[in-house]
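Beneath this line is the structure, given in structure tokens, with notes to follow.
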Protein chains: 2
Amino acid sequence: MTAEAVDGRRAKGERRRALLLEAALRVVERDGVAGVTHRAVAKEAGQPPSSATYYFESIDDLLVAALVRSVDAYAARLREATESPDPVAALAETLAAELARGRAPVIAEYELYLLAARRPALRATAQRCVDDLAALARRCTGDPVAVKAFCACVDGLLLQALVTGASPDASGIEAVLRLAMAGSEPAGGVP
Amino acid sequence: MTAEAVDGRRAKGERRRALLLEAALRVVERDGVAGVTHRAVAKEAGQPPSSATYYFESIDDLLVAALVRSVDAYAARLREATESPDPVAALAETLAAELARGRAPVIAEYELYLLAARRPALRATAQRCVDDLAALARRCTGDPVAVKAFCACVDGLLLQALVTGASPDASGIEAVLRLAMAGSEPAGGVP
DNA sequence: GAGAATCTTGCACAAACGTCCAAGTTTCTC
DNA sequence: GAGAAACTTGGACGTTTGTGCAAGATTCTC
């Protein structure tokens with residue numbers, strides 16, 4: 001994709017690195033961030049422990065890469081909802097469906113997300129996450145305060161659902177998001 | 001406080017346990033949840049390692065107790081704001097001041113908070129946190145959806161401030177919270 | 001004061017971890 | 001094909017961790 005002639009050595013390496021990264025995400029889902037070790041990830045990927053240390057010098061590198069990958073996946077889902085005729089409804093459905101399918105992946109996302117609070121190197125990635133959300137909101141309102149409220153609501157709703165064990169349905173989520181979006185201007189509306 | 005005649009042995013024990021718990025919170029602030037080990041906490045408390053294993057059988061017990069303590073402190077601050085003439089403004093000031101004083105304690109709170117997502121035993125404590133927030137909101141609006149939006153906004157604003165490194169001021173926070181509180185009814189208002 | 005309950009501590013053990021290295025393999029360049 | 005570059009792997013090292021235990025000190029009960 002990037003260059004016409006690929007180095008077969010590097011290509012194989014990147015494929016392997018991706019395998020390890022996916023394994024790392026599964027480990028985070030299963031055992032939390034604390035469970036991420038070189039050995040555990042390599043074992044999950046069905047590879048020798050040395051390979052994990054080769055591709056990720058420190059355990060921190062591994063977590064950083066995992067967050068980036070997690071945010072990428074999130075951004076993709078977000079973009080899909082953004083392009084829908086009713087972004088708010090689409091997002092509400094997406095979030096509810098994710099929670100219903102299983103909490104572990106969502107927990108993993110937020111554990112990695114929170115990791116950015118301690119690592120300045122991750123702030124740009126976290127910011128991207130919020131920006132994508134704001135882009136969705138701006139399709140429905142011009143009020144910047146409403147955009148902030150909307151973004152905060154999304155993270156707050158998910159976080160609270162996770163920690164309290166509640167399972168809000170799509171309509172409940174949508175109602176809250178719609179309210180946050182309403183803002184001072186009565187209707188930004190879809191054009 | 002609880003009984004008239006206290007057992008000196010148990011009293012000493014509880015004092016020591018409290019010391020360890022405070023040390024544990026400092027460790028979480030400094031090194032994150034991952035840094036919490038029996039030895040690290042004992043060292044932080046200036047006590048022999050064995051004492052940590054005596055009072056907290058597993059490392060999980062320690063974290064659970066730490067979360068409960070953290071939520072207790074949060075609830076106290078929340079109650080203070082709730083009793084203010086303008087709860088929303090008071091809460092906004094409290095949150096902004098906390099962020100300004102230092103992010104580490106807030107990060108620690110959320111790391112522990114998120115811990116509840118994996119431990120059913122902690123859900124009640126996390127729920128209490130949300131309930132206290134909802135109680136504050138209900139002093140300003142009767143709309144249950146607005147209450148939910150308000151609670152979500154508080155967690156979302158703090159979480160996003162932490163992960164993006166932003167430092168919202170009191171007025172910015174207040175504006176967002178006020179919007180979430182507004183709801184469909186134009187004014188619940190303070191009586 | 002005698003005996004029981006609780007607290008307190010040092011120590012030793014196995015397991016798991018990050019890290020490093022050196023030898024071997026594949027792939028590319030020329 | 002020869003040499004360089006990148007990948008791959010197994011193994012060893014020292015450190016840290018959780019855990020359990022046994023002996024001692026403190027406090028309460030009678």
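Convention: sequence-line order gives letters A, B, ...; per-chain numbering from 1.
Heavy atoms of A:Arg10 sit under 4.0 angstrom from primed sugar atoms or phosphate atoms, though from no base atom. No contact: A:Glu14 has no heavy atom under 4.0 Å from any strand. Among the atoms of the strands shown, only primed sugar atoms or phosphate atoms (P, OP1, OP2) are found under 4.0 Å from some heavy atom of A:Tyr55.
Taking the side chain of B:Lys12 as heavy atoms from C-beta on, and the options D:dT26, D:dT19, C:dC17, the nearest nucleotide is D:dT26. Nearest nucleotide to the A:Thr37 side chain, out of C:dT19, C:dC17, D:dT26: C:dC17. Of all nucleotides listed (D:dT19, C:dT8, C:dG18), C:dT8 comes nearest to the side chain of B:Tyr54. If you check C:dA12, D:dG11, C:dT19 against the side chain of A:Ser50, the one that comes closest is D:dG11.
Here C:dC7 presents its P atom at 15 Å from CG of B:Leu19, a figure rounded to the nearest Å. Here C:dC17 presents its C1' atom at 15 Å from CG of A:Asp31, a figure rounded to the nearest Å. A:Ile59 places its CD1 atom 9 Å from the P atom of C:dC17, with the value rounded to the nearest Å. Taking atom CZ on A:Arg39 and atom P on C:dC20, their separation rounds to 13 Å, with Å as the unit. Going from atom CD of B:Glu57 over to atom P of D:dG18 covers 14 Å, rounded to whole Å. Atom CZ of A:Arg17 and atom P of D:dT8 are 13 Å apart (whole Å). With rounding to whole Å, B:His38 atom NE2 is found 16 Å from C:dG10 atom C1'.
The pair B:Asp86-B:Arg178 counts as a salt bridge, with a side-chain nitrogen and a carboxylate oxygen less than 4.0 angstrom apart. Between A:Arg138 and A:Asp143 no salt bridge is recorded (no basic side-chain N to carboxylate O distance below 4.0 Å).
Each of A:Arg77, A:Arg69, A:Arg103 was evaluated against A:Glu109; a single residue qualifies, A:Arg77, per the salt bridge (charged side-chain N to carboxylate O under 4.0 Å, His left out) test.
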If you apply the rule side chain to side chain contact (heavy atoms under 4.5 Å, CB included), what do you find for A:Tyr55 with A:Leu62, and how did you get there?
CA-CA 9 Å; A:Tyr55 284 101; A:Leu62 219 169; over 6 Å; no

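For CD of A:Glu93, the number of neighbouring non-hydrogen atoms (other residues, nucleotides, ligands) closer than 6.0 Å is 12 at most.
When the nearest nucleotides of DNA chain D are assigned to A:Ser51 and B:Phe56 by heavy-atom distance, the more 5′-ward of the two goes with A:Ser51.
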